[in-house]
Amino acid sequence: LSELGSESAKIKAMGIMDKLSTDKTVKVLNILEKNIQDGSKLSTLFNHNNDTEDEERLWRDLIMERVTKSADACLTAINIMTSPNMPKAVYIEDVIERVIQYTKFHLQNTLYPQYDPVYRVDPHGGGVLSSKAKRAKCSTHKQRVIVMLYNKVCDIVSSLSELLEIQLLTDTTILQISSMGITPFFVENVSELQLCAIKLVTAVSNF
């Protein structure tokens with residue numbers, strides 16, 4: 001899927017995606033939707049009480065692999081849809097909604113907690129720190145897999161703004177995209193995502 005994401009970006013840049021058979025492209029999109037669904041609601045946050053450190057790391061690696069695979073499927077689907085001169089048949093509402101659902105969930109539950117400690121839930125309970133105190137304790141070190149996922153999600157958000165310029169979407173979908181575009185401005189340490197969100201919010205306002 002990672003390779004498919006890279007290749008679809010190249011084909012999109014070359015402007016030849018529309019030369020592919022529409023039936024086959026639609027089949028690919030339907031298969032991609034299943035792969036997006038696989039990681040769309042997987043929580044990457046764990047409670048440290050139940051497992052040993054090794055077990056937790058194994059589970060986390062497995063979950064992150066599935067979540068990253070779903071991100072690649074999102075990117076491939078959105079690359080197909082935002083390629084020039086694509087037929088109407090490729091703008092499958094279920095696939096678009098699944099991409100948005102995946103992106104919203106992992107922004108809120110995976111990336112924001114990693115980049116801004118204000119969004120972290122303390123599994124052990126205890127007193128609530130102020131925003132400044134939480135941010136002061138934040139480590140700038142990030143796992144490579146998290147940085148990779150962050151970059152992929154930035155690409156998805158940016159590509160969604162392109163999709164808005166191409167295809168009419170339902171009011172419900174537009175509302176979901178709007179909330180996804182506004183939230184990053186309240187999160188610290190996500191400047192790249194905020195730039196992508198500006199494009200998204202601008203596209204929504206022009207819709």
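Everything numeric here is computed off the predicted structure, so don't read it as measured data. Hydrogens, waters and symmetry mates are skipped; everything else that's a heavy atom, side chains included, is used.
Residues Cys74 and Val99 form a side-chain contact, since some pair of their non-hydrogen atoms from C-beta on lies under 4.5 Å apart. Proximity of Glu97 to Glu93: side-chain heavy atoms (C-beta onward) are separated by under 4.5 Å at one or more points. The shortest distance between side-chain heavy atoms of Phe186 and Tyr112 does not fall below 4.5 Å. Using a 4.5 Å cut-off on side-chain heavy atoms (C-beta onward), Asn206 and Glu165 make no contact. Taking the side chain as every heavy atom from C-beta outward, Ile198 and Phe185 approach each other to under 4.5 Å. Between Val95 and Leu32, the closest side-chain pair of non-hydrogen atoms is not below 4.5 Å. A heavy-atom distance below 4.5 Å is found between the side chains of Leu193 and Leu107. Glu188 is not listed as a side-chain neighbour of Val118, based on a closest heavy-atom distance of 4.5 Å or more.
A donor atom on one side chain and an acceptor atom on the other are found under 3.5 Å apart for Thr170 and Thr173. Looking only at atom types and distance, the side chain of Ser179 has a donor-acceptor partner in the side chain of Lys104 under 3.5 Å away.
Under the 3.5 Å distance criterion, the side-chain polar atoms of Asn79 are matched with a main-chain donor or acceptor of Leu75. Side chain of Ser40 to backbone of Tyr102: no donor-acceptor contact under 3.5 angstrom is found. Panel note: side chain Tyr91, backbone Gln167; no donor-acceptor pair is recorded below 3.5 Å. Checking side-chain atoms of Ser8 against main-chain N and O of Gly5 turns up a donor-acceptor pair under 3.5 Å. Although no hydrogens or angles enter the test, the distance criterion places no donor-acceptor pair under 3.5 Å between the side chain of Asn189 and the main chain of Asp116.
Between Lys12 and Glu7 no salt bridge is recorded (no basic side-chain N to carboxylate O distance below 4.0 Å).
Across every non-hydrogen atom of Gly181 and Ala197, the tightest pair is O-CB, 3.3 Å. Shown here for Leu163 and Thr82, the closest heavy-atom pair between the two residues is N-CG2, 3.7 Å. Of all the heavy atoms in Ala203 and Leu164, the pair that sits closest is CB-CD1, 3.8 Å. The nearest pair of heavy atoms linking Asn35 to Ala73 is CB-CB, 3.8 Å. Nearest heavy-atom pair across Gly15 and Asp18 is O-OD1, 3.5 Å. Looking at every heavy atom in both residues, Ser158 comes nearest to Lys199 through OG-NZ, 2.8 Å.
Under the 4.5 Å side-chain heavy-atom criterion for Ile, Leu, Val, Met, Phe, Trp and Tyr, Ile92 and Val90 are members of the same hydrophobic cluster. A chain of hydrophobic side-chain contacts below 4.5 Å, direct or via other Ile, Leu, Val, Met, Phe, Trp or Tyr residues, connects Val145 to Leu1. At a threshold of 4.5 Å between side-chain heavy atoms, the hydrophobic network of Ile, Leu, Val, Met, Phe, Trp and Tyr places Ile156 and Val201 in one connected group. Residues Ile166 and Met81 fall within the same hydrophobic cluster, defined by Ile, Leu, Val, Met, Phe, Trp and Tyr side chains chained together at heavy-atom separations under 4.5 Å. Taking hydrophobic clusters as Ile, Leu, Val, Met, Phe, Trp and Tyr residues chained together by side-chain heavy-atom distances below 4.5 Å, Val204 shares a cluster with Ile182.
Judged as a salt bridge (Lys or Arg N to Asp or Glu O under 4.0 Å), the pairs with a partner in residues 22-44 (not counting sequence neighbours) are, in order, Glu33-Arg98, Asp38-Arg66, Asp38-Lys69.
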Under the side chain to side chain contact (heavy atoms under 4.5 Å, CB included) criterion, do His106 and Gln101 qualify, and how do the steps go?
CA-CA 9 Å; His106 286 292; Gln101 180 190 62; over 6 Å; no
With side chain to side chain contact (heavy atoms under 4.5 Å, CB included) as the criterion, how do Ser178 and Ile174 come out once you've worked through the C-alpha distance, each side chain's angles and the decisive distance to 0.1 Å?
CA-CA 6 Å; Ser178 299; Ile174 291 296; 4.1 Å; yes
Under the side chain to side chain contact (heavy atoms under 4.5 Å, CB included) rule, what do Met17 and Met86 come out as? Steps first, then yes or no, please.
CA-CA 7 Å; Met17 191 78 78; Met86 292 304 286; 3.7 Å; yes
Mind running side chain to side chain contact (heavy atoms under 4.5 Å, CB included) on Gln114 and Tyr150 for me, showing each step along the way?
CA-CA 10 Å; Gln114 287 287 341; Tyr150 173 75; over 6 Å; no
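Shown here are the salt bridge (charged side-chain N to carboxylate O under 4.0 Å, His left out) partners of Asp72, two or more places apart in sequence or in another chain: Lys152.
With Val157 as the fixed residue, the side chain to side chain contact (heavy atoms under 4.5 Å, CB included) test singles out one of Ile78, Leu200, Ile177, Leu195: Leu200.
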